[in-house]
Amino acid sequence: LLSVLVSPRMAGLQVDFGLLLEPLGFIKVLEWIFSIFAFATCGGFQGETTLLVSCNGVVNKTVTAAFAYPFRLNTVVFSAPDPKRCGGTWTDVYLVGNFSSSAQFFVTLAVLAFLYSIAALVVYIGYKHVYQQNSKFPLTDLAITVITAFLWLVSTFSWATALANIKMSTGASVIPGIESCKAPGTTCRFASVTSMKTLNVSVVFGLLNMVLWGGNIWFVYKDTNLHNQSKRISQSP
């Protein structure tokens with residue numbers, strides 16, 4: 001694509017790290033870093049919900065349900081209290097909800113933003129002269145920046161909603177929905193659930209990415225013909 005859009009004279013590599021000190025390059029570095037934290041804090045999570053079950057011949061037996069990204073909770077089953085499954089009264093118990101679409105949307109966007117930030121930094125640092133001399137590059141950069149900012153808005157709020165539901169589906173509210181816990185002689189108590197602070201942090205980084213990409217629209221826009229044309233129009237008598 002580069003060889004098609006520009007002449008061989010323009011396509012030569014001219015490394016200039018000074019651009020990283022300018023808003024266009026500095027913000028892109030921040031976008032690159034924050035996208036890493038976004039997909040790492042969400043995609044790397046692993047946790048479990050723990051109950052204490054008492055039934056026939058079993059007292060306060062720990063049963064667990066381990067869950068992780070992409071949070072298909074409806075496929076996660078609690079372990080049985082004992083080999084006899086409480087005398088046959090304990091059936092397979094699953095968590096409720098499938099939140100994979102929101103989680104995968106968020107992580108996929110973060111990965112794509114990470115890859116695009118790398119590509120953009122390569123162009124900024126090594127081919128800034130090409131970027132400035134061919135109007136198609138700034139316009140493409142602007143379009144991608146606007147779309148990405150909007151997608152960060154959508155994905156972050158979608159993931160935040162899913163996270164709230166995940167907390168409900170893995171908390172103490174799971175017990176009333178377990179039929180095995182209603183069997184005669186069986187009692188279930190909620191013990192614990194893995195802290196979800198890292199998932200809370202992922203939402204924060206989603207918001208930060210949304211702000212960064214939204215704010216970067218102006219700096220990318222300044223390099224396009226659209227800004228130059230509007231500037232000439234405003235300066236004309």
Side-chain angles (χ1 to χ4, degrees), residues 33-111 113-114 152-210:
I33 295 173
F34 284 13
S35 64
I36 295 175
F37 283 107
F39 68 71
T41 51
C42 178
F45 180 83
Q46 292 183 337
E48 65 178 21
T49 296
T50 304
L51 306 179
L52 295 178
V53 178
S54 298
C55 56
N56 297 332
V58 176
V59 178
N60 286 340
K61 178 68 175 181
T62 299
V63 298
T64 60
F67 57 95
Y69 173 85
F71 305 103
R72 295 187 178 94
L73 301 186
N74 56 348
T75 64
V76 176
V77 62
F78 278 98
S79 59
D82 66 318
K84 296 182 178 180
R85 304 175 72 86
C86 288
T89 62
W90 185 271
T91 58
D92 286 340
V93 178
Y94 292 85
L95 293 175
V96 178
N98 183 351
F99 308 100
S100 59
S101 58
S102 297
Q104 289 177 323
F105 179 24
F106 182 82
V107 170
T108 300
L109 176 62
V111 172
F114 165 76
W152 272 119
L153 171 65
V154 175
S155 66
T156 299
F157 281 94
S158 175
W159 168 232
T161 302
L163 177 56
N165 292 328
I166 290 171
K167 291 178 179 179
M168 292 184 59
S169 297
T170 57
S173 60
V174 302
I175 294 180
I178 301 177
E179 293 298 324
S180 298
C181 292
K182 301 175 183 178
T186 300
T187 59
C188 300
R189 292 188 296 112
F190 179 78
S192 64
V193 63
T194 303
S195 173
M196 300 187 188
K197 290 181 180 179
T198 55
L199 296 182
N200 294 334
V201 171
S202 71
V203 175
V204 174
F205 277 109
L207 294 173
L208 289 174
N209 275 291
M210 179 187 68

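Predicted model only: the values in this text are computed from it and were never measured.
- Closest approach of A68 and Q46 over heavy atoms only: CB-CG, 3.8 Å.
- Around the NZ atom of K167, the shell of radius 6.0 Å holds more than 12 heavy atoms that belong to other residues, nucleotides or ligands.
- Contact between V174 and S169 at its shortest, heavy atoms only, is CG1-O, 2.8 Å.
- The aromatic rings of F67 and F71 sit tilted relative to each other, their planes meeting at an angle between 30° and 60°.
- Side-chain N or O atoms of T49 include none that pairs as donor or acceptor with a backbone N or O of V193 at under 3.5 Å.
- With sequence neighbours excluded, the residues satisfying side-chain hydrogen bond (donor to acceptor under 3.5 Å, both in side chains) with K182 are E179.
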Open item on the list: Would L163 and M196 count as a side-chain contact (heavy atoms from CB on, under 4.5 Å) here? Give the steps.
Closed with: CA-CA 9 Å; L163 177 56; M196 300 187 188; 4.3 Å; yes

TODO: For the pair V204 and N200, evaluate side-chain contact (heavy atoms from CB on, under 4.5 Å) and give the outcome as yes or no after the intermediate values.
DONE: CA-CA 7 Å; V204 174; N200 294 334; 5.8 Å; no

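- Judged by distance alone, with hydrogens and angles left aside, the side-chain atoms of S180 form a donor-acceptor pair with the main-chain N or O of T91 at under 3.5 Å.
- In this structure, the separation between CZ on F45 and CG on L199 is 4.5 Å, given to the nearest 0.5 Å.
- Across all non-hydrogen atoms, the minimal contact from A80 to V63 is C-CG1, 4.0 Å.
- Nearest heavy-atom pair across A38 and A110 is CB-CB, 4.0 Å.
- With T89 contributing its side chain and C86 its backbone, the two residues share a donor-acceptor pair below 3.5 Å.
- Using a 3.5 Å distance cut-off with no hydrogens or angles, the side chains of T62 and T50 do not pair a donor with an acceptor.
- Side chain of S158 to backbone of S155: no donor-acceptor contact under 3.5 angstrom is found.
- Not a single donor-acceptor pair under 3.5 Å links the side chain of T64 to the backbone N or O of E48.
- The backbone N or O of V201 lies less than 3.5 Å from no partner atom in the side chain of T41, so there is not a single donor-acceptor pair.
- Residues satisfying the ring pair (Phe, Tyr, Trp, His ring centres under 6.0 Å) criterion with F37, sequence neighbours excluded, are F205.
- In this structure the side chain of L73 reaches within 4.5 angstrom of the side chain of T170, judged on heavy atoms.
- Judged as a ring-ring contact (aromatic ring centres under 6.0 Å, His included), not a single pair has a partner in residues 164-196 (not counting sequence neighbours).
- Here the OG atom belonging to S79 is positioned 9.5 Å from the CZ atom belonging to R85, to the nearest 0.5 angstrom.
- Environment of CZ in F114: crowded, with over 12 heavy atoms of neighbouring residues, nucleotides or ligands closer than 6.0 Å.
- Across all their heavy atoms, G47 and T194 have their closest contact at CA-OG1, 3.3 Å.
- Between V107 and C42 there is a side-chain heavy-atom pair separated by less than 4.5 Å.
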TODO: Please assess L51 against F78 for the test side-chain contact (heavy atoms from CB on, under 4.5 Å), listing each intermediate value before the final yes or no.
DONE: CA-CA 9 Å; L51 306 179; F78 278 98; 3.8 Å; yes

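- Nearest heavy-atom pair across W90 and C188 is CZ3-SG, 4.2 Å.
- In this structure, the separation between CG on D82 and CG on N56 is 8.5 Å, given to the nearest 0.5 Å.
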Open item on the list: Using side-chain contact (heavy atoms from CB on, under 4.5 Å), reason through V53 and V58 one step at a time and then give a plain yes or no.
Closed with: CA-CA 8 Å; V53 178; V58 176; 5.8 Å; no

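- Distance check: N60 CG to T187 OG1 gives 7.0 Å after rounding to the nearest 0.5 Å.
- Atoms CE and CG, from M210 and L153 in turn, are 5.5 Å apart once rounded to the nearest 0.5 Å.
- Contact of the L95 side chain with the N74 side chain is not registered, since no non-hydrogen atoms from C-beta on lie closer than 4.5 Å.
- F99 places none of its side-chain heavy atoms less than 4.5 Å from the side chain of R72.
- Ring pair W152/F106: centre-to-centre distance below 6.0 Å.
- S173 places a side-chain N or O within donor-acceptor distance of the main-chain N or O of M168, the cut-off being under 3.5 Å.
- In terms of modelled atom types and a separation under 3.5 Å, the side chain of T108 and the main chain of F105 share no donor-acceptor contact.
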